[in-house]
Engineer: 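Dropping the structure in here first, questions after.
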Amino acid sequence: MVILENEFVKLNNDEKLVVALGTFDGLHLGHRAIIESAKQISKRKGIKSAVLTFEKPVFTYFNKNASDYLITPKNIKNELIKSLDIDYLFYVKLEKNFLSLSQERFLLMLKQNINVDTIVCGYNYTFGKNANGNTEYLIKNANYFGLDVVVCDEFTIEGEKVSSSIIRDLLKVGNLNYANKLLGYNYYIKGYVSRGKQLGARLGFATANLIIEPNLCIRNGVYITKTIIDGIEYHSVTNIGINPTFDSKERVLETHILSFTDNLYEKEIKIELLEFIRDEIKFNNIDDLKKRIELDIQFVKKYFVT
Ligand SMILES: Cc1cc2nc3c(=O)[nH]c(=O)nc-3n(C[C@H](O)[C@H](O)[C@H](O)COP(=O)(O)O)c2cc1C
Ligand SMILES: Nc1ncnc2c1ncn2[C@@H]1O[C@H](COP(=O)(O)OP(=O)(O)O)[C@@H](O)[C@H]1O
């Protein structure tokens, strides 16, 4: 998969493209149905497939104070879209020039800059200045612009809506069970292990630390997790937060992997969040913190036995 980032997109492709349009934060079941549909159409037509998206939700452009909104960091977005066998991934910059394009100019840009043949989008997709462009406009004007347009229906599970904003709300309260159901995979964070305060091992439980996106939409606290290292899955317990006992400020993710003793510095690890256990606590002393973590570890062991 070729990844291109630009203010607008531009590609010197003779070959036509089927493009899935959307922000796709979360890459949930509904998003994946749209992207999979684009892939299938591209195969049927014998042309290439593409996703055109933004790195962050569009509302972050209009509300500069927005915080804790991001479901899917870019490294994971890239990985999930690649897993759907897409040929091109375009990231357009969230900037005025792009966001204020008229509906007509937006479609012309897709035709002229990346040779779009077919647009695939969700039922509530909007585009262009003031989000005036919608699926009705696309369907009505498809012929004029020489485009095929495929609009995917609302995706539901057992009659329930699947949407990024619902998933954000679930992650903010720690309801991983339901969030994972709507996502269609276990919510995960992936990154390279960095050095922390070097205290964990001395306390009796080493923790592999990852620096996380500042605006990640996830409740601080302790979670039952699985950690995947070199394709091998381990049971683990993970804390996300600022370690208030130590008056730290930086928000980190720290995972203690059960029955594991190897060095992980600089290694890429993946942490799947399964269940929220408790909030982070400011303990009066390190002994109390240690005792609590021992209880957390017992709780996780029991979870995986039953
Ligand atoms: C399961 C688990 C639960 C934790 N709970 C808390 C907590 O409630 N309060 C807190 O201040 N730190 C908590 N921590 C973070 C520890 O303070 C931190 O792992 C320890 O200070 C080691 O830090 P280091 O990895 O930077 O050396 C927790 C860590 C783990 C692994
Ligand atoms: N069971 C384990 N879980 C997590 N990390 C482990 C484990 N065993 C060994 N390690 C290693 O120990 C390091 C963490 O040690 P720690 O003293 O907590 O330092 P840090 O402050 O860098 O997190 C991890 O980055 C990893 O390399």
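Whatever order the structure lists ligands and atoms in, that order sets their numbers, starting from 1.
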Engineer: Where is the nearest protein heavy atom to atom 16 (P) of ligand 2: which residue, which atom, and how far?
Structural biologist: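 Sorting protein heavy atoms by distance from atom 16 (P) of ligand 2 puts Ala201 N, 3.6 Å first.
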Engineer: Tell me which protein heavy atom sits closest to atom 21 (O) of ligand 2, plus the residue, atom name and distance to 0.1 Å.
Structural biologist: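 Ranked first by proximity to atom 21 (O) of ligand 2 is Gln198 N, 2.5 Å.
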Engineer: Protein residues near ligand 1, heavy-atom distance below 4.0 Å?
Structural biologist: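 Those residues closer than 4.0 Å to ligand 1 by some heavy atom are Gly196, Lys197, Gln198, Leu199, Gly200, Thr207, Asn209, Val222, Val237, Asn239, Asn243, Pro244, Thr245, Phe246, Glu254, Arg278, Glu280, Ile281, Phe283, Leu289, Ile293, Asp296.
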Engineer: Considering the heavy atoms of Asn263, write down every atom of ligand 2 situated less than 4.0 Å from one of them.
Structural biologist: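 Ligand 2 atoms under the 4.0 Å threshold to Asn263: 27 (O).
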Engineer: Polar-atom distance check: Arg202 versus ligand 2, any N or O pair below 3.5 Å?
Structural biologist: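 Between Arg202 and ligand 2, no N or O pair is found under 3.5 Å apart.
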Engineer: Can you see whether Arg195 engages Asn209 through a side-chain donor-acceptor pair at a distance of less than 3.5 angstrom?
Structural biologist: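 No, because no side-chain N or O of Arg195 sits under 3.5 Å from a partner of the opposite role on Asn209.
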Engineer: By the definition ring-ring contact (aromatic ring centres under 6.0 Å, His included), identify the one residue from Phe98, Phe127, Phe24, Tyr61 that meets it with Phe54.
Structural biologist: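 It is Phe98; the other options fail the test.
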Engineer: Would you say the side-chain atoms of Thr227 and Lys270 include a donor-acceptor pair closer than 3.5 Å?
Structural biologist: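 Distance-only check fails for Thr227 and Lys270.
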Engineer: What protein heavy atom sits nearest atom 23 (O) of ligand 2, and how far away is it?
Structural biologist: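 Here the nearest protein heavy atom works out to Thr207 O, 2.6 Å.
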Engineer: How close does the nearest protein non-hydrogen atom get to atom 20 (P) of ligand 2, and which residue and atom is it?
Structural biologist: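 Protein heavy atom with the smallest distance to atom 20 (P) of ligand 2: Gly196 N, 3.4 Å.
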Engineer: Going by atom types only, do Glu15 and Asn115 share a side-chain donor-acceptor pair under 3.5 Å?
Structural biologist: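 No, because no side-chain N or O of Glu15 sits under 3.5 Å from a partner of the opposite role on Asn115.
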Engineer: Do Tyr234 and Phe304 have ring centroids that are under 6.0 Å from one another?
Structural biologist: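 No, the ring of Phe304 stays outside the 6.0 Å limit from the ring of Tyr234, centre to centre.
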Engineer: Please work out, at 4.0 Å between heavy atoms, whether the side chain, the backbone, both, or neither of Thr255 comes within that distance of ligand 2.
Structural biologist: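 Looking at Thr255 and ligand 2, just backbone atoms fall under 4.0 Å.
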Engineer: So which of Tyr188, Tyr303, Phe276 actually passes ring-ring contact (aromatic ring centres under 6.0 Å, His included) with Tyr223?
Structural biologist: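 Only match with Tyr223 under ring-ring contact (aromatic ring centres under 6.0 Å, His included): Phe276.
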Engineer: Would you say the side-chain atoms of Glu250 and Asn243 include a donor-acceptor pair closer than 3.5 Å?
Structural biologist: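 No donor-acceptor contact under 3.5 Å links the two side chains.
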Engineer: Decide whether an N or O pair under 3.5 Å exists between Phe205 and ligand 2.
Structural biologist: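 Checking ligand 2 against Phe205, no N or O pair falls under 3.5 Å apart.
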Engineer: In terms of heavy-atom contacts, does CG of Asn284 have more than 12 from other residues, nucleotides or ligands at under 6.0 Å?
Structural biologist: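 No, CG of Asn284 has 12 or fewer neighbouring heavy atoms, counting only those of other groups under 6.0 Å.
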Engineer: Tell me the protein heavy atom at minimum distance from atom 11 (C) of ligand 2, and give that distance in Å.
Structural biologist: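 Of every protein heavy atom, Asp262 O, 3.4 Å lies nearest to atom 11 (C) of ligand 2.
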Engineer: How far is atom 26 (C) of ligand 2 from the closest protein heavy atom, and which atom is that?
Structural biologist: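 Of the protein heavy atoms, Leu264 N, 3.4 Å lies nearest.
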Engineer: Looking at non-hydrogen atoms alone, which of Ser194, Ala208, Gly204 comes nearest to atom 5 (N) of ligand 2?
Structural biologist: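 Nearest option to atom 5 (N) of ligand 2, by heavy atoms: Ala208.
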Engineer: Is it the case that over 12 heavy atoms from other parts of the model lie below 6.0 angstrom from the OH atom of Tyr144?
Structural biologist: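 No, the 6.0 Å shell around OH holds no more than 12 heavy atoms from other groups.
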Engineer: Which atoms of ligand 2 are found less than 4.0 Å from any heavy atom of Asn209?
Structural biologist: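 Within the 4.0 Å cut-off of Asn209, ligand 2 contributes 23 (O).
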Engineer: May I ask you to check if ligand 2 and Tyr265 share an N or O to N or O distance below 3.5 Å?
Structural biologist: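 Tyr265 vs ligand 2: N/O contact under 3.5 Å present.
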Engineer: Specify side chain, backbone, both or neither for Val193, according to which of its non-hydrogen atoms lie closer than 4.0 Å to ligand 2.
Structural biologist: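 For Val193, only side-chain atoms sit under 4.0 Å from ligand 2.
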Engineer: Among all protein heavy atoms in this structure, tell me which lies nearest to atom 3 (N) of ligand 2, with the distance rounded to 0.1 Å.
Structural biologist: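 Among all protein heavy atoms, the one nearest atom 3 (N) of ligand 2 is Ile257 N, 3.1 Å.
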Engineer: Pull out every atom of ligand 2 sitting under 4.0 Å from any heavy atom of Gly200, numbered as shown with elements.
Structural biologist: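 Within the 4.0 Å cut-off of Gly200, ligand 2 contributes 16 (P), 17 (O), 18 (O).
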Engineer: Who's the nearest protein heavy-atom neighbour of atom 6 (C) of ligand 2, and how far?
Structural biologist: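 Nearest neighbour among protein heavy atoms for atom 6 (C) of ligand 2, to 0.1 Å: Ala206 CB, 3.5 Å.
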Engineer: Less than 3.5 Å apart, any donor N or O on the side chain of Thr53 or Thr23 sitting next to an acceptor on the other?
Structural biologist: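 Judged by distance alone, the side chains do not pair up.
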Engineer: Does one side chain, of Asp85 or Ser83, offer a donor that lies under 3.5 Å from an acceptor on the other?
Structural biologist: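 Not at all, the side chains of Asp85 and Ser83 share no donor-acceptor pair under 3.5 Å.
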Engineer: Can you tell me if Lys129 has over 12 outside heavy atoms packed within less than 6.0 Å of its NZ?
Structural biologist: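 Atom NZ in Lys129 is not crowded, with 12 or fewer foreign heavy atoms closer than 6.0 Å.
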Engineer: Please could you name the atoms of ligand 2 that Arg195 approaches to less than 4.0 Å, counting only its heavy atoms?
Structural biologist: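 Those of ligand 2 that fall under 4.0 Å from Arg195 are 22 (O).
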Engineer: Can you sort out the partners of Val151 under side-chain contact (heavy atoms from CB on, under 4.5 Å), two or more places apart, ordered by chain and number?
Structural biologist: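 Residues passing side-chain contact (heavy atoms from CB on, under 4.5 Å) with Val151: Cys121, Tyr123, Thr135, Ile139, Val149.
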Engineer: Tell me whether Lys197 forms a cation-pi arrangement with Phe246, defined as NZ or CZ under 6.0 Å from the six-membered ring centre and within 45 degrees of its axis.
Structural biologist: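 Cation-pi check for Lys197 and Phe246: passes.
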Engineer: So, Asp169 versus Tyr178: side-chain donor-acceptor pair below 3.5 Å or not?
Structural biologist: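 No.
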Engineer: Under 4.0 Å from ligand 2, counting heavy atoms only, is it the side chain of Lys197, its backbone, both or neither?
Structural biologist: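 The answer is the backbone of Lys197.
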